[in-house]
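Take a look at the structure set out below.
First the proteins, then the strands, lettered A, B, ... as listed; each starts at 1.
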Amino acid sequence: DQQVKQNSPSLSVQEGRISILNCDYTNSMFDYFLWYKKYPAEGPTFLISISSIKDKNEDGRFTVFLNKSAKHLSLHIVPSQPGDSAVYFCAASEGNEKLTFGTGTRLTIIP
Amino acid sequence: NAGVMQNPRHLVRRRGQEARLRCSPMKGHSHVYWYRQLPEEGLKFMVYLQKENIIDESGMPKERFSAEFPKEGPSILRIQQVVRGDSAAYFCASSPSFGGTTNYGYTFGSGTRLTVV
């Protein structure tokens with residue numbers, strides 16, 4: 001039972017343009033959502049999070065949007081840079097110490 | 001300030017052997033989490049520990065897997081009598097207190113890649 005879904009396994013975006021990564025969830029008990037970035041042979045690195053009481057959180061080039069009614073969140077990266085090429089994981093928490101991860105989207109930034 | 005240290009980075013075991021994976025949390029962090037990533041899948045929660053206590057082991061397989069976080073030394077994930085299906089990347093993460101899944105996320109180590117032959 002995949003409670004957090006990232007339906008796009010891969011995404012290619014031109015350098016300087018906007019990258020939009022999407023994530024859907026089914027568990028209405030989730031109240032925190034996080035995005036992690038992962039390079040090969042490394043562990044995931046925390047990027048940005050959002051509480052379910054908000055619909056937007058911004059940190060530099062990264063913005064996360066949450067649509068609770070649609071059980072959907074997205075990560076926007078603008079402008080996209082070559083160093084952004086990585087696998088991005090969406091994760092969710094019920095407010096306990098356990099994260100449920102999606103399967104990831106591999107983002108490739110084309111110079 | 002060293003991050004979360006996991007060793008070994010790569011571990012090869014024959015079927016039936018034991019695998020011991022070690023995790024040293026960041027300095028000052030007393031909460032440790034273990035996750036497993038199977039090929040082509042996301043990370044799956046296994047266990048959450050504080051010093052000398054297992055807080056949540058709801059993701060641990062019922063048999064052959066155990067974890068500990070002693071008062072002194074690293075956290076250990078132990079897999080007895082490994083099978084081919086145990087081949088995966090095992091990630092450890094740490095946080096200084098409760099709330100590791102909210103505002104600041106965990107800090108993950110680089111993982112141990114276990115291959116069972």
Does A:Arg106 CZ have over 12 foreign heavy atoms under 6.0 Å away? no
For B:Arg9, I'd like to know if atom CZ has over 12 heavy atoms of other residues, nucleotides or ligands within 6.0 Å. yes
Same cluster for [X] and [Y] if Ile/Leu/Val/Met/Phe/Trp/Tyr side chains link at under 4.5 Å?
| X | Y | value |
| --- | --- | --- |
| B:Met26 | B:Phe69 | no |
| A:Ile20 | A:Leu66 | no |
| A:Ile77 | A:Leu11 | yes |
| A:Leu107 | A:Ile48 | yes |
| B:Leu114 | B:Tyr33 | no |

Side chain / backbone / both / neither for B:Gln37 at chain A, heavy atoms under 4.5 Å: side chain
How about [X] and [Y]: do any of their side-chain heavy atoms sit closer than 4.5 Å?
| X | Y | result |
| --- | --- | --- |
| B:Phe91 | A:Glu42 | no |
| B:Tyr35 | A:Phe101 | yes |
| B:Leu43 | A:Phe89 | yes |
| A:Lys98 | B:Asp56 | yes |

Highest number of heavy-atom pairs under 4.5 Å with chain B among A:Cys90, A:Pro44, A:Gly104 belongs to A:Pro44
Does the A:Tyr36 side chain pair with the main chain of B:Tyr106, one donor and one acceptor, at a distance under 3.5 Å? yes
How far apart are the C-alpha atoms of B:Thr107 and A:Phe46, what are their side-chain angles, what is the distance that settles it, and do they pass the side chain to side chain contact (heavy atoms under 4.5 Å, CB included) test? CA-CA 7 Å; B:Thr107 302; A:Phe46 171 71; over 6 Å; no
Which atoms of A:Gln6 approach chain B - backbone, side chain, both or neither, heavy atom under 4.5 Å: neither
